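The structure appears right after this line, and notes come after that.
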There are 2 protein chains.
Amino acid sequence: MSETERKRRVRRLPREVRERQIADAAVEVFSRHGYHTASMDEIAEVAGVSKPMVYAYLGSKEELFAACIRREAQRLLKAIADGVRNDVEPDMQLWTGLRSFFHFVGSNRSSWMVLHRQALAVGGEFAEEVSQMRSRSIELVAALVVASGTRKGIGEQAEKSGEALAAALVGAAESLADWWLDHPGVPADVLASWLMNLVWLGFGDLVAGEVWSPKDLTPPA
Amino acid sequence: MSETERKRRVRRLPREVRERQIADAAVEVFSRHGYHTASMDEIAEVAGVSKPMVYAYLGSKEELFAACIRREAQRLLKAIADGVRNDVEPDMQLWTGLRSFFHFVGSNRSSWMVLHRQALAVGGEFAEEVSQMRSRSIELVAALVVASGTRKGIGEQAEKSGEALAAALVGAAESLADWWLDHPGVPADVLASWLMNLVWLGFGDLVAGEVWSPKDLTPPA
DNA sequence: GGGATAACCTACTCACGAGTAGATTGGCGG
DNA sequence: CCGCCAATCTACTCGTGAGTAGGTTATCCC
């Protein structure tokens with residue numbers, strides 16, 4: 001390596017910059033290997049610094065992971081908040097939200113994998129953080145659902161099940177995002193439309209009082 | 001400890017029995033702590049044997065985990081297969097399937113947590129195993145959806161999106177199962193009904209040619 | 001230019017947990 | 001009743017990776 005290269009590589013950067021580099025590296029490595037399998041050495045290497053720097057700036061492995069979770073969760077929430085229109089009908093609100101969500105996942109795969117796959121599995125405080133974000137989303141969705149029909153058809157049942165259905169919808173979106181990772185080539189908007197078609201008509205018919213119910217089973221011949 | 005107690009505790013059991021005890025313990029411990037955090041020592045302790053027994057009977061930690069995954073996946077699939085009625089209409093097939101699924105989760109929480117939360121996060125062969133089970137479920141659901149309407153309304157769009165929607169539904173079921181863990185007191189049948197109401201009417205309207213589509217957005221004031 | 005200080009590194013310690021060697025003993029077939 | 005073997009244990013090794021001690025040097029500012 002030439003002297004110039006050496007000097008360029010060794011150039012010292014302000015803490016602020018390094019912290020971002022390290023956090024970026026951490027998100028990538030955590031998303032690749034998962035919390036436990038990821039090593040601080042690899043994170044340091046990917047970030048282009050040595051291990052003590054990581055500890056000096058971001059603290060222990062747990063703290064580093066927590067920082068990643070927090071940062072990525074914030075970014076996701078902001079992306080959705082920026083994309084959602086709250087001056088429109090509930091269905092449009094939901095659609096704009098889903099749209100933003102899929103766009104975010106599409107252009108931030110590592111972030112999504114860390115949030116969805118890793119944080120939940122690790123448990124403890126981390127899962128808490130993510131759970132809260134998830135809960136906020138669910139409540140939001142639940143509010144939309146209730147607002148859309150003001151329970152005009154089904155009353156008590158809808159109230160009880162509202163949160164559960166919201167959870168199901170959020171899960172469906174997450175699952176669809178995962179499916180997307182293995183089947184790229186579909187635009188985010190199309191994904192969002194599919195999901196809207198799947199669930200909104202379901203929600204719509206629900207509030208209109210139309211319900212599916214199991215028929216009696218006759219024993220097989 | 002008295003001599004009798006000592007003898008009872010120390011009584012030797014045939015390999016077959018010990019293997020089951022160890023596997024049971026492993027599922028419980030893995031579900032509590034996750035793959036990496038779980039220690040072979042704790043598994044041995046919970047199983048009531050010493051560590052070398054675990055290695056002698058079930059092999060390495062990886063092998064043990066794989067065995068757990070396989071066993072629990074089989075149990076889950078069998079439970080669903082036993083519960084599903086394939087001599088009835090597609091909607092009833094789906095309902096009976098969901099019903100069995102929720103019943104299984106309700107009475108086998110540890111199994112479910114290992115399969116859903118841990119196996120995916122660990123990655124590698126394990127995730128493969130679970131992914132395959134998941135894929136089989138998704139294909140099955142997709143078949144139901146297609147069969148139910150024979151694409152009578154939307155054609156190509158439905159074909160492309162069928163698998164994605166099935167993935168979404170499976171995800172919704174999984175997510176609802178997770179929600180259930182935090183909100184017990186709802187019977188499994190009710191959960192299944194909620195989900196049917198949510199998605200089936202969506203599917204139904206889809207195949208009937210009814211679609212939701214975003215309206216044009218006018219900029220806010 | 002020359003301290004001061006923050007950026008940065010090499011090279012360690014140390015705990016924890018996977019995996020094992022080798023001794024011990026209950027219980028069954030003869 | 002006895003020998004044999006499978007069942008079982010205690011007590012280790014050893015690799016790996018988190019976390020750190022202590023020194024070095026670039027860069028800023030006067």
Side-chain angles (χ1 to χ4, degrees), chain A residues 1-26 29-30 32-68 118 122 124-126, chain B residues 1-23 25-26 29-30 32-68 118 122-126:
Chain A
M1 159 189 328
S2 82
E3 182 59 21
T4 350
E5 277 171 344
R6 175 80 191 149
K7 277 200 166 161
R8 178 159 289 118
R9 273 173 63 88
V10 170
R11 172 171 270 117
R12 296 176 176 198
L13 298 174
R15 170 168 189 152
E16 190 186 323
V17 176
R18 283 288 191 226
E19 277 186 358
R20 260 205 24 238
Q21 289 178 347
I22 294 173
D24 289 345
V29 173
F30 281 137
R32 273 214 304 268
H33 303 308
Y35 176 72
H36 296 283
T37 317
S39 79
M40 295 297 268
D41 290 272
E42 184 178 353
I43 291 172
E45 191 187 326
V46 170
V49 297
S50 69
K51 200 160 48 147
M53 296 295 309
V54 179
Y55 282 90
Y57 287 167
L58 276 306
S60 72
K61 189 180 187 183
E62 283 206 352
E63 288 167 336
L64 174 57
F65 188 63
C68 290
Q118 300 311 324
V122 173
E125 277 98 292
F126 316 122
Chain B
M1 160 187 328
S2 82
E3 182 58 19
T4 351
E5 277 171 347
R6 175 75 191 152
K7 278 204 167 157
R8 178 159 290 118
R9 273 174 63 90
V10 169
R11 170 172 270 118
R12 296 175 177 201
L13 298 174
R15 172 170 187 151
E16 190 185 322
V17 176
R18 282 287 191 227
E19 276 186 359
R20 262 204 23 238
Q21 288 179 348
I22 294 172
V29 173
F30 281 137
R32 274 215 304 268
H33 304 307
Y35 177 72
H36 296 282
T37 318
S39 79
M40 295 297 268
D41 290 273
E42 184 177 354
I43 291 172
E45 190 186 326
V46 170
V49 298
S50 69
K51 202 162 43 148
M53 295 296 307
V54 179
Y55 282 89
Y57 287 168
L58 277 306
S60 72
K61 190 181 186 182
E62 283 206 351
E63 289 167 336
L64 174 58
F65 188 64
C68 291
Q118 300 311 324
V122 173
E125 277 98 294
F126 316 122

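We name chains A, B, ... by the order of the sequence lines, and we start the count at 1 in each one. Worth knowing before you read on, the calculation uses all heavy atoms, side chains too, and leaves out hydrogens, waters and symmetry mates. Note that this is a predicted model, so its numbers are computed, not measured.
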Can you tell me which nucleotide in C/dC9, C/dG19, C/dA7 comes closest to the side chain of A/Pro52? C/dC9
What's the NE2-P distance between A/His36 and D/dA18, to the nearest Å? 11 Å
For the pair made of CD1 in A/Ile43 and P in D/dG19, what is the distance, rounded to whole Å? 11 Å
Nearest to the side chain of A/Asp41, heavy atoms from C-beta on, is which of D/dA18, C/dA18, C/dC9? D/dA18
Starting at atom NE2 of B/His33, determine the distance to atom C1' of C/dG17, rounded to an integer number of angstrom. 14 Å
Would B/Lys61 count as a cation-pi partner of B/Tyr55, with NZ or CZ less than 6.0 Å from the six-membered ring centre and within 45° of the ring normal? no
Quick one: label B/Ser50 by what it contacts on the DNA or RNA (base, sugar-phosphate, nothing), any heavy atom closer than 4.0 Å. base
Nearest-Å distance for atom pair CG/C1', residues A/Leu64 and D/dG19: 13 Å
Would you mind checking if B/Glu16 and B/Arg20 are paired as a salt bridge, meaning a charged N to carboxylate O distance below 4.0 Å? no
Test item: A/Glu63 side-chain N/O and A/Ser60 main-chain N/O as donor-acceptor pair under 3.5 Å: yes
Length of the CE-P vector between A/Met40 and C/dC14, whole Å: 20 Å
Would you kindly give the NZ-to-C1' distance between A/Lys61 and D/dG19, to the nearest whole Å? 12 Å
Any base atoms under 4.0 Å from B/Ala44, or only sugar-phosphate, or nothing? Heavy atoms, all strands. nothing
Hey, is the side chain of A/Arg18 poking within less than 4.0 Å of OP1 or OP2 on C/dC8, counting only N and O atoms? yes
Distance-only donor-acceptor test (3.5 Å): side chain A/Lys51, base D/dG19: yes
Between OH of A/Tyr55 and P of C/dT13 the distance, given in whole Å, is 17 Å
From the options C/dA18, D/dT25, D/dT8, select the nucleotide whose nearest atom is closest to the side chain of B/Ser39. C/dA18
Nucleotide of D/dA6, C/dA18, C/dC8 approaching A/Tyr57 most closely (side-chain heavy atoms): C/dC8
For the residue pair B/Tyr35 and B/Phe65, does the interplanar ring angle fall in the parallel (under 30°), tilted (30 to 60°) or perpendicular (over 60°) class? tilted
Ionic contact status for B/Glu42 with B/Arg32, cut-off 4.0 Å: yes
Please report the distance, rounded to the nearest Å, between CZ in A/Arg12 and P in D/dA26. 6 Å
